[in-house]
Structures are given as structure tokens and as C-alpha cells.
There are 2 protein chains.
Amino acid sequence: MPYRVVVSNELSKLFNVLSHPIRVRIVEELKARELTVTELKDILEISSAATSQQLSHLRSHGIVVENRQGRNVFYHLRKPEIADWITDGLKFIGPDQSEVETMVTAIESARNAWGTASKQKEPPAKKASKRRT
Amino acid sequence: MPYRVVVSNELSKLFNVLSHPIRVRIVEELKARELTVTELKDILEISSAATSQQLSHLRSHGIVVENRQGRNVFYHLRKPEIADWITDGLKFIGPDQSEVETMVTAIESARNAWGTASKQKEPPAKKASKRRT
DNA sequence: TGCTAATATTCAAACATTGACATATATATT
DNA sequence: AATATATATGTCAATGTTTGAATATTAGCA
């Protein structure tokens, strides 16, 4: 099996773990400091069972590491850099696809069409209806 | 609504788009050069309908941009840096959770337990059964 | 023009799968 | 026993993938 397949499989799993808002938040909260399950639960405003489950997710993928201290279990990031890596992802969000993006596309198509210089048949109005929700 | 919630929502959506191996591969393939749907379909060895749908996904999130050229539709990355960002994610994968990670955890727990110096009751063997699949 | 072939997208059905949450129970530590 | 955390279970909905057919879009050509 080609390495590309293997690697994208692994990557997609990583992304999958982070595809839940709560889990993203956990990572971001842990960026600042170690936190116990209870502390997290309070921050996230969810049940402690739910918190444990999400943590279990992150743990099984090596994102976080547990560290029991008496009755409490502290969690921290196995690789703290992941927090910054995640926020770097913000670069690739928005700006609001449906608005700007179709415009960009339209412009590109237009430039291309104008460029090849053939018959032009009312492109603008039709194109606008293609907007996705 | 606190900004943290909003941001992690957005981020989790981004991650969600990339949580499928095919979509990750598409991004990586597009790192090298623009590709048509047919080319992608051949590379990925899936139907063209499937390819279109995955592209539609990526498009609607502003990851890729279409660019029609005659009968073909070329796709490229809206922000080419995303390809590198994704491969950076490899840093946070493995090395094989179940093996190493439980070991690390065990060591940490042990260090802590040894540190606080109380009764030790055969920690290693028990801990090993905690391995996840 | 109008027809056909090539390319790409969409639709809808079928489908599996997942996965999140709550509740309850279990484990560990003091 | 009490606190803190983990897991197990059931349920529920939502989600997402695939396939095949129908529909656009464009090029080339008669």
C-alpha cells in the first residue's frame, strides 16, 4: 500500500479527533496550563462523564497525557506545539465562502473566458444563482 | 457567545473537512500542481462523481478553487500553504499510541507514586492491560 | 445551427457508520 | 465512605459515503 494512502489515513484520523469543538477547546485550554478533569468540566460546562470521554478520545490519539495526582487527574498536551499548530489553521478559514469565493471563481472564469475571446453570452446574472448555501 | 466557542467551532469545521483520507490526499496532490477532476479521479482511483463531491466539500470550505478551462475544470489550493500545514500535523501522530503512550503514562504515574512515597502495589502488570485498540 | 462526445456536477436513494450524550456502574485514592 | 475519574451501555440522531442516473457545460464538427 502506497505511503501516500497510509499517511493521509493517519492524518485524516488526527483531523477527525479535532473535528469536535469541545476537543479543540480542550487543547486550547491546556495550552495555558495543566488542568484536572473537574476544572475542564467547569470550563467547558459539560458533564464530567462527557469530559472524560472527550479526554479519552484525545488520549487514545496521543494528543494529551494524563497524570494522576492523588484523586485528581491532570491533563497536559503531549506535544504543546499542537496548540499553536491548531490556531494556525485559522489562516485557512473563511472569509465566508459563499460570498467572496464564488466571486473569485467568477472572476477567474471571466478572465479566462475574456482571454480566449469568443462569443460572450450574458455570464453575470446566470452565475449569481449558482451560490451555495 | 464567547469568542472561544466561536473559534473552536470554526476550527472543528475545518478539521472536519480534512477528516477524510481522500480529501487530505486531494490537498496534497494539489500541492504539486493544478489538476483536473479526471486527473484526480485517476490518481485517487475513485469514480468521478465521488471526486466531484469531495471537491465540492473542499470548495465550499474555501480550501480549493475551481477554474474551468474548456471542458476541464482545474482545481488548485486557495492557500497553498495549507498543504504544508497539513503535513506539519504529522508531528502529532503516533508513535503508535497504544504501545509507547501507555508506557509514558505509566512512567509518569510511577514517578509520581514513587515520589510521594507511599505503598506500592504492583503497578506495571495491571497497567499494561489498559492498552487500547 | 444542431448534434454528439467529453467532462463535470448534482441528485436521490441506499447505506453504513459513527458518534454524542445520558445514565448507571466501576475503579481509584484519600 | 466520599471525592474524582473512567468506562459501559443504550439510544438517538445525525452524518457522511457511494453509486447510478440525470443534468449541465463546453468543444468539435457536419
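Any value given below was found using the heavy atoms of this structure, including those in side chains, with hydrogens, waters and symmetry copies removed. Order of the sequence lines sets the chain letters (A, B, ...), proteins ahead of strands, with each chain counted from 1.
B:Q54 and B:I22 get closest at one heavy-atom pair: CG-CG2, 3.8 Å. Residues B:S8 and A:P21 approach most closely at CB-O, 3.7 Å, considering heavy atoms. Nearest heavy atom pair, residue B:H57 against residue B:V17, reads O-CG1, 4.4 Å.
In this structure, A:L35 places its CG atom 15 Å from C1' of D:dA4, rounding to the nearest Å. As a whole-Å value, the separation of B:R71 CZ from C:dT9 P is 15 Å. Nucleotide C:dT9 holds its P atom 10 Å from the CG atom of B:N72, rounded to whole Å. The nearest whole Å value for the distance from the CD atom in A:E66 to the C1' atom in C:dT29 is 14 Å. When rounded to the nearest whole Å, the span between CG of B:L55 and P of D:dT18 equals 13 Å. Straight-line distance from the CZ atom of B:R68 to the P atom of C:dT7: 11 Å, rounded to whole Å. In this entry the distance linking NZ of B:K13 with C1' of D:dG16 reads 17 Å, nearest Å. In this structure, the NZ atom of B:K41 is 14 Å from the P atom of D:dT18, given to the nearest Å.
Classification of the A:W85-B:F92 ring pair by plane angle, with boundaries at 30° and 60°, yields tilted.
When hydrophobic clusters are built by joining Ile, Leu, Val, Met, Phe, Trp and Tyr residues whose side-chain heavy atoms come closer than 4.5 Å, directly or via intermediates, B:F74 is not grouped with B:I63.
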Quick one, A:E10 with A:K13, criterion salt bridge (charged side-chain N to carboxylate O under 4.0 Å, His left out). Give me CA distance, side-chain angles, the key distance, then yes/no. CA-CA 5 Å; A:E10 291 307 308; A:K13 280 187 220 157; 3.1 Å; yes
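For the pair A:H61 and A:R23, the minimum side-chain heavy-atom distance is 4.5 Å or more.
Looking at the side chain of B:V37, the nearest of the listed nucleotides D:dA27, C:dT30, C:dT9 is C:dT9.
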Contact letters for nucleotides 17-22 of chain C, in which S counts primed atoms plus P, OP1 and OP2 and B counts the base, heavy atoms under 4.0 Å: --SSBB
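Within 4.0 Å of B:T51, counting heavy atoms only, lies no atom of the nucleic acid at all.
Side-chain nitrogen and oxygen atoms of B:Y75 include at least one within less than 4.0 Å of the OP1 or OP2 phosphate oxygen of C:dT9.
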